[in-house]
Number of protein chains: 4
Amino acid sequence: MKDLKNLLLASVAVCLGFGQAAEAETLAIVGGTIIDATGNDPIRNGVLLAEDGRITAVGRDVVVPGDARLIDARGKYLIPGLIDANLHLFLNIDSETLVKYEDRYHEIIVEAAQLTLKSGQTTVFDTWGPYAALVRARDSINSGESIGSRIYLAGNIIGFDGPLSDDFRAAAAPYFSKSFVRRTNDAWEQDVGRELMWLGPDEVHSRVHEYARSDVDFLKYGASGHSEMFFISFSQRVQAAIVAAGHAEGKTVQAHTTSIESLDMAIEAGVDIITHCDITGHVRAIPAETIQKMVDRSTACSVLPVTQARLDGLLEKNPEEGVGAELKMSRENIANLAAAGATLLLSTDAGIEHPLLVSERDDPVSVDPRTKLGEGHFNALMGLQEIGVAPMEILKMATSNPARAYRLDADIGTLTTGRIADIVILNKNPLKDAGNYRAIHTVIKAGEIVDIEALPLAPIISSIKVPEDDK
Amino acid sequence: MKDLKNLLLASVAVCLGFGQAAEAETLAIVGGTIIDATGNDPIRNGVLLAEDGRITAVGRDVVVPGDARLIDARGKYLIPGLIDANLHLFLNIDSETLVKYEDRYHEIIVEAAQLTLKSGQTTVFDTWGPYAALVRARDSINSGESIGSRIYLAGNIIGFDGPLSDDFRAAAAPYFSKSFVRRTNDAWEQDVGRELMWLGPDEVHSRVHEYARSDVDFLKYGASGHSEMFFISFSQRVQAAIVAAGHAEGKTVQAHTTSIESLDMAIEAGVDIITHCDITGHVRAIPAETIQKMVDRSTACSVLPVTQARLDGLLEKNPEEGVGAELKMSRENIANLAAAGATLLLSTDAGIEHPLLVSERDDPVSVDPRTKLGEGHFNALMGLQEIGVAPMEILKMATSNPARAYRLDADIGTLTTGRIADIVILNKNPLKDAGNYRAIHTVIKAGEIVDIEALPLAPIISSIKVPEDDK
Amino acid sequence: MKDLKNLLLASVAVCLGFGQAAEAETLAIVGGTIIDATGNDPIRNGVLLAEDGRITAVGRDVVVPGDARLIDARGKYLIPGLIDANLHLFLNIDSETLVKYEDRYHEIIVEAAQLTLKSGQTTVFDTWGPYAALVRARDSINSGESIGSRIYLAGNIIGFDGPLSDDFRAAAAPYFSKSFVRRTNDAWEQDVGRELMWLGPDEVHSRVHEYARSDVDFLKYGASGHSEMFFISFSQRVQAAIVAAGHAEGKTVQAHTTSIESLDMAIEAGVDIITHCDITGHVRAIPAETIQKMVDRSTACSVLPVTQARLDGLLEKNPEEGVGAELKMSRENIANLAAAGATLLLSTDAGIEHPLLVSERDDPVSVDPRTKLGEGHFNALMGLQEIGVAPMEILKMATSNPARAYRLDADIGTLTTGRIADIVILNKNPLKDAGNYRAIHTVIKAGEIVDIEALPLAPIISSIKVPEDDK
Amino acid sequence: MKDLKNLLLASVAVCLGFGQAAEAETLAIVGGTIIDATGNDPIRNGVLLAEDGRITAVGRDVVVPGDARLIDARGKYLIPGLIDANLHLFLNIDSETLVKYEDRYHEIIVEAAQLTLKSGQTTVFDTWGPYAALVRARDSINSGESIGSRIYLAGNIIGFDGPLSDDFRAAAAPYFSKSFVRRTNDAWEQDVGRELMWLGPDEVHSRVHEYARSDVDFLKYGASGHSEMFFISFSQRVQAAIVAAGHAEGKTVQAHTTSIESLDMAIEAGVDIITHCDITGHVRAIPAETIQKMVDRSTACSVLPVTQARLDGLLEKNPEEGVGAELKMSRENIANLAAAGATLLLSTDAGIEHPLLVSERDDPVSVDPRTKLGEGHFNALMGLQEIGVAPMEILKMATSNPARAYRLDADIGTLTTGRIADIVILNKNPLKDAGNYRAIHTVIKAGEIVDIEALPLAPIISSIKVPEDDK
């Protein structure tokens, strides 16, 4: 797909060091502007080498092996593969999908991971989903059996019950067999659901520790409720016990918070990351003291930015309360967090949108969708720019910040030597306009060029057709 | 499975007429008591010959071809293949089955037709179900591609909307996509649903006539509502138009009635059969004049008898109203109809019971189930005996009566020369005790011995397992 | 009863200025244009005399007694008191009113009858409401104890269950005591509710006959359902039995119909009046044959006309189906009925609108409300004009037609000698513009001038205030 | 206020038979066994004098004024007036009562306070109800305008929304006007409802402080949710702010808790009383450390004991979870608390049971009702005895303990000099059998003998009759 025929040997060519290694697997991206996401200035006319999936050299004066596979990046921009700190590869908890694909959740998850990879996200953090299917999909991708974004998964949100429970869609439950409802909820709950709320810190620690020993990559718990956002799920000491249980297994712990008090409690509990800390209802912004506390403790915070256009659409329906008012407050919170120097992570809460269900909504048309996988993060990046976040900070929020927050910065998040070669080559400068993140030229994951045109390979949900008479 | 090795050539053997036809396909059932269901006395030590799927001889002094395939029926009883005048091969309109098997309804229908065949019903009349899948299953059986009871089908009940409508389970509809709901309802409605109630006789005639020209075998319309049983669906003149439209295409027409007034209107409209005419609420038995009208006009009536044990169970829960009170009245109606000489047809309204859903009911234990396919008709036969219907009449209700009512008596319903060789061989005398219908020795459909042990061949619904912890 | 013996001959001019007599019993309305609603040409400069509540003379050359109470009607227009053929003085079946005013329904009914009288309706036909309270209010007005329109009442619609039943608001029932629900429903049902649908013609006749012997003025039955408009409630023969039972007691019988088939059945049953025969769904207009049948049999038909502005508002929300589409069809039906010469009666289905509940509707603003008591009939009259009904026919629909249809034309409906002196004096000519019916100068009921400014005397529902912050 | 200066010394015997004085202000109860609820041994043949509503002397050797009003208590037992630490005088939030008595809540509250007084409870703590009506009833009783138990009130439970909200009966709300729903909820919420959960500690302090300055006697907040018992309502620091706000106004603060974690948080927050601390779900008993913490901090705990018979009835329906399982755990908790020496307060959560609604329940028969006002506390006392609490402790739980916990021990709770003369004279010894608390001979409130036979004076709810056919 890329044509390097007319590659000229200029200043770069001089450096190539002709004909050393016989069996070299080296990838050489030459001539582009390298924005390594460490915060350092971009390197113009830079060279990046990768071997065995890792970056082996980055800079101007880099010797390119003669047998390297060359990519001409002149006029283009290299950034680390994008990272979504909070999404849901399987968010399809509508009745039909739950029944029809009960045994094929993992296929939908792979489909989702291909949609994210296609849009430049080489790593995604799945913060809520069906454990077994997520593990299967993750392992399938890691083993090379399937293509897709690199997945890290939390499984259940500790303290939440499953999709057909009071936390989500209990109203649908009576229309299914009790057996199906239980089976479906169990697939999510993994014995760390609502019942934990009845227990004391020791018992919760024990239960969560057991869960932390399973095949999850990190832990997430509900510091507040899902449907009733102002309720607190766990006492301070129980939250501390959850964090301790996760850390005991060397896993980062994050908390779902939805109010200023649940946020404060989670910070105090010592979590590594707050999930969507910007969501605090519509009444009250995060107090300055709380923000300072996050800065002081280096508590990272994933956020859910939206564009003004999206916000305007929501506020038109209900300017007083509801999602619009909450996202308006979210933008204010993000601005304050960014100004205070908090560690922010870009996130979307996105999943594969079911085309038919979207088309059947009362208001199907959606400007700048936030939760549409493969699209939501582009809008989020633009939203950050509108809020006034500095261009380099925006890039870090989508790359090096989440890598560090998840303690994976030795492997991903920057274009620096030794990191996995997850690279997105853009046709335009993302630091000039956040809209340029959409101008993807090439996606490279672990040193391999991804055939993004071909993705998703076996679409299930994303290929559902809307009948003509429904349009 | 049957072993005829030691067959002695006695008085019967003399008659065999050794060695005529070379390639004779003749089946000879010898030595049994033949109850032909015409009302004639049983023939003891009789012989029944069948060739090319039809009965070629019945009697005592019948010459058995030397190369006939012999069945030793000494001590056994031959009756015509049983007929269910009203059942539903696809009654599985629970959410999970509708979603999961949307493209495989026909397989479930074949499964059902194998459960009925296994229990001695060689012919069944499906009076409500998804048209396309029923046609496919019927044709598959008729062509010999699949094994199963011979199916005659009505498709939709004219005037009824589909499974996810107000007529059935509208409450579940909001939990599915509108597209799925419409598609599912359309599969049943076939353009002859509730909207017909807005129209006059000419328009209804036109619409029903078109439906009668489709691949249905007979017509059925709702003279009263399904969920609200006391409402009348169509005016007198519209009912007459529906009957005329069906008859114009040479198809019998029956009406679903659930009250004494809807019953009277359907009789006046000239229907061939009343579906479950015995169901008239709990307030009022069918008046003598109405019964006499049915007798005078030879309007056949399918009924839904239950055993006293089943009735007692229902009445214990609610002796005043509801299903129990209605079935108590049904028994009174059946007794009165039988006494007056009305033409009664055995029916069950049965479908394949979903083992899991049954087990999850508040009161899963059911004595003498009425609507369980392959079992309901045995209980119905016993119920008729309890009510006091004469043994020969009971047999006719399950054989020759429905054949005649559906105008198929040239082909099925009796063990007489020229009829299709649908035969059930019983180990015990059904005229002595209705419980003996269960003592099935052999089922023969169109002259072929059915391997009933093997049925159903590919169980779907009936093989669903109840999890251990649900028991 | 009317005594014209002492009528003196004198020119109107002679009489003017001589209205001094002390104990004058005669009311003389002089100088106006008298439109008597018989269909005769208006009498310009006419004189109308009334004595003892009855009209004693109408014409140009009428001698006015010297001691008559004179009303100068020069430049004004006299029409018979308006009649609403179908309204509901107690339509307030919202939860709060049912609980709060359970013992005071009759007071609300009197309030309603004062709102109607205030707006020129001297007689109203209440076609559904709580029997005992209606009787009490009617008798209170008839005895002179209360002021209000003359009420004729049907009580329950035979075949309908009460306000907290499936026919109306069953969903609210679980939030009240069973005792209250039963008591409330009983107040409407009067033993002639849905349970009649289970019975045959003889039993229904007996039950209805008993009801006809009660204190109701006329009978009304449901030929079709209320919530499910396409269902038919009673068989042809049962409908005939209901009509016979009413006629046996000398009471007119009308039927609620909502489809072309229920309409046809009611006509065939011999009813005197069809209630809102113009409502036939949105699929199908009344066929010409049916209209002709009504003309031939002189079956009167009350209609529910709306203005185009009202209709446009409804169609904007849903042009395909629902109330808007039904009222669009209604207008077509009314036009066809009028063109064919059917006997049409103006009606509104109106009740006292609860100001608070109206203000809380999603769409509280309503152009030309149809069911607002004291306002709906003005809009209906305008709607008829828009449809193209001739001005004189419009007047007759609101006066002489309902009087005759209800067999009360000897007493009300025209400004002719011998009739009760129910008179509305208008400032403008109603035959010129139907909007002029609003230009009420004086309302006279049974010869008494009504102090319309004072009405309603003791407002309950109509005086409910909308809180400031709800506006 | 109490003046014992002129107390004369004289043997009891001397005084007997000298009760002739005309304007005697002194009440003398002589000859009974005085159990003063301090924990001291009962005084046999004791004398108790009261003057101006206060106890002026208690002991054996007490001089009875010659003009004292004498009560012969020989063979009887004197205990302090009983106290219910947690009940709801207006618990009638059913739809009919809310609508019908919207303006008369205070009358129902007085009725309730008479039912409690009649059954020996001279003081009650109302821990949730409509503020304005409670204040009105309390003040009416305090001023002597009405008779009834002495009321102390909390008004709303801080953090709870009103009766027609998600905390209680949101499902009924759609059946009323929005205006009524808002008005009703406001009557309870008093601006300290669920919205506080969105706020931080300073704002909550400010709001609660304002509420504490109103006419409430003490504060109560929800440490956990009402409908979803495992959720926590407020963070630790917000709970501390609530307690501080109450204490700043000199008012005791208590917390509603329903799980072991909400209990622990409330103790840590420094509340004076835990409401029903024994209710901790069915999974987990209160840990020993938590109990010890309550003992160490003297955190009082109101409990909801039931009898074994009542418990058995509940467990029969559902032994695994629900109310029965929770109350089983409650008994275990109470036993542990009592053994550890925690300060326990008797409470009932009782209100006036609506006779009709009770009779209409699926299971109307209730052994030893817990929440029936005037009856529940007798069952609770018996339940404590069954659990094994020492007789004197039981008495203190119903008298001196709540008085001290609410900081009112200078006035009530013991039969000691200087306290208000709230006295119950029993015919039998309550220390011998808790059933003897029912053997009420005389109730004296503030020195006045209550005519308990006459109570309630104007019954509203408690006089509702169950129709014959409902029984």
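Bear in mind that the values here come from a model prediction, so they are computed numbers and not experimental data.
- Between A:Val283 and D:Glu195 the shortest side-chain heavy-atom distance does not fall below 4.5 Å.
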Show your working on side chain to side chain contact (heavy atoms under 4.5 Å, CB included) between A:Gln236 and D:Met265 and close with a plain yes or no. CA-CA 8 Å; A:Gln236 193 67 65; D:Met265 289 180 77; 5.7 Å; no
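- Your options are D:His282, D:Glu268, D:Arg194, and the one with the most heavy-atom pairs under 4.5 Å with chain A is D:Arg194.
- The shortest non-hydrogen separation linking D:Trp198 to A:Gly281 is CZ3-CA, 3.4 Å.
- When all heavy atoms are compared, the tightest approach of D:Arg237 to A:Ile260 is NH2-O, 4.5 Å.
- Scanning residues 222-235 of chain D against chain A with a 4.5 Å non-hydrogen threshold yields D:Gly225, D:Glu228, D:Met229, D:Phe230, D:Phe231, D:Ile232, D:Ser233, D:Phe234, D:Ser235, sorted by number.
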Take D:Glu261 and A:Met197 through the side chain to side chain contact (heavy atoms under 4.5 Å, CB included) test and state the conclusion after the steps. CA-CA 8 Å; D:Glu261 287 307 293; A:Met197 292 199 241; over 6 Å; no
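- Residues from residues 288-296 of chain D that place a non-hydrogen atom less than 4.5 Å from a non-hydrogen atom of chain A comprise D:Thr290, D:Lys293, given in numerical order.
- Annotation: maximal heavy-atom pairing with chain D below 4.5 Å, among A:Thr258, A:Thr280, A:Val238, A:Asp264, occurs at A:Asp264.
- Of the two parts of D:Ser262, neither the backbone nor the side chain holds a non-hydrogen atom closer than 4.5 Å to a non-hydrogen atom of chain A.
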